[in-house]
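Encoded as structure tokens, the structure appears first; notes follow it.
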Amino acid sequence: RFYREGLAELLAGTGAVHVVAVASDWAEAVTAAARSQPMVILLDVGVVAERARLVELFRAAPAAKVVALALSDLQSEVIHWVESGIHGYVPCDASVDDIVHAVNAAATGQVPCPPDLAAMLFRRLSENGRRALHRNGSPEPTSSALTAREKEILALIAEGKTNKELAADVFLADKTVKNYGSSILSKLNLERRVQAAAFVARHRLDRGAN
């Protein structure tokens with residue numbers, strides 16, 4: 001609480017950022033985002049157990065740009081969060097000025113990025129593009145490749161459920177749910193749960209879909 005409220009006060013005190021809400025946990029963050037519809041959400045990545053849960057924030061405040069706070073500067077870690085949909089990030093050793101700059105950059109559609117990370121992202125996009133060219137002409141995977149149980153679990157994944165929450169909903173062991181998740185991603189030719197959530201939104205699937 002000391003850190004959270006102190007940071008909010010520091011940001012507001014700069015005069016460059018208008019703080020509209022402060023949340024203490026994930027549920028409160030989603031509710032606050034839906035209520036205030038901020039331009040930018042500054043998110044401590046430590047509160048997100050699974051990146052797929054970002055879908056909840058995106059649904060609550062569709063126009064908001066999410067900036068990850070206190071993110072490791074490991075390229076692989078940053079790339080994983082970028083692929084999950086964040087619009088910017090602030091490394092662990094950032095100053096208040098760095099945070100203000102990242103927030104304002106995200107609000108105006110900019111994405112400040114170190115040259116080495118920009119090069120890594122470019123290479124990743126290039127590799128994805130080459131793979132897409134190799135797959136050109138192949139039909140996009142559809143939900144017909146999934147079993148009824150997998151479709152049910154896919155819909156729950158899209159709701160941002162953690163494996164533990166999902167297991168409780170469908171009365172299965174955590175490990176079994178994790179195996180189902182891996183099978184679903186494999187059948188749909190996807191790599192991450194957030195991509196599965198996007199697949200559900202694109203195909204307008206629900207828990208009762210055929």
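For Ala33 against Leu57, the heavy-atom pair with the smallest separation is CB-CD2, 4.0 Å. In plain terms, the two heavy atoms of Ile157 and Ala196 that are nearest each other are CG2-CB, 4.4 Å. Taking both residues in full, the closest heavy atoms of Ala106 and Val67 are given as CB-CG2, 3.6 Å, listed atom of the first, atom of the second, then distance. Closest approach of Ile184 and Glu150 over heavy atoms only: CD1-O, 3.3 Å. Summarising the geometry of Gln37 relative to Pro62, their closest heavy-atom pair is OE1-CD, 3.8 Å, with the distance given to 0.1 Å. Taking all atoms of both residues into account, the shortest heavy-atom contact from Val55 to Ala158 is CG1-O, 3.5 Å.
In this structure, the separation between NZ on Lys65 and OG1 on Thr108 is 9.0 Å, given to the nearest 0.5 Å. A distance of 12.0 Å separates CG in Leu10 from CD in Glu5, rounded to the nearest 0.5 Å. Taken to the nearest 0.5 Å, the CZ atom of Arg59 stands 7.0 Å off from the CD atom of Glu159. For the atom pair Ile153 CD1 and Thr147 OG1, the distance stands at 7.5 Å (nearest 0.5 Å). Rounding to the nearest 0.5 Å gives a distance of 11.0 Å between CG of Leu69 and CD1 of Ile86. Interatomic distance, CG of Leu166 versus OH of Tyr180, reported as 11.5 Å (0.5 Å rounding).
Under a 3.5 Å cut-off, the side chain of Ser183 and the backbone N or O of Asn179 do not form any donor-acceptor pair. Between the Glu28 side chain and the Ser24 main chain, a donor and an acceptor come within less than 3.5 Å of each other.
A 4.5 Å side-chain heavy-atom check between Val103 and Leu11 finds every atom pair outside the cut-off. The closest side-chain heavy-atom distance from Val17 to Leu42 is not below 4.5 Å.
Transitive grouping of hydrophobic side chains (ILVMFWY, heavy atoms separated by less than 4.5 Å) keeps Ile41 and Met39 in distinct clusters. In terms of hydrophobic clustering, with Ile, Leu, Val, Met, Phe, Trp and Tyr side chains grouped at heavy-atom distances under 4.5 Å, Val100 and Val22 are assigned to a common cluster. Two different hydrophobic clusters hold Ile99 and Tyr89 under the rule that ILVMFWY side chains link at heavy-atom gaps under 4.5 Å. Connection of Phe171 to Leu156 is not established within any shared hydrophobic cluster, with ILVMFWY side chains joined at heavy-atom distances below 4.5 Å, either directly or through further cluster members. Leu185 and Val177 fall within the same hydrophobic cluster, where Ile, Leu, Val, Met, Phe, Trp and Tyr residues are linked whenever their side-chain heavy atoms come under 4.5 Å apart, directly or through other members.
Shown are Asp93, Asp97, Asp98; of these, the side chain to side chain donor-acceptor pair (under 3.5 Å) with Ser95 is made only by Asp98.
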Point to revise | Evaluation steps, side chain to side chain contact (heavy atoms under 4.5 Å, CB included), between Asp44 and Arg4 | key: CA-CA 10 Å; Asp44 185 336; Arg4 180 176 65 252; over 6 Å; no

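A 6.0 Å sphere centred on CD of Glu9 holds no more than 12 heavy atoms belonging to other residues, nucleotides or ligands.
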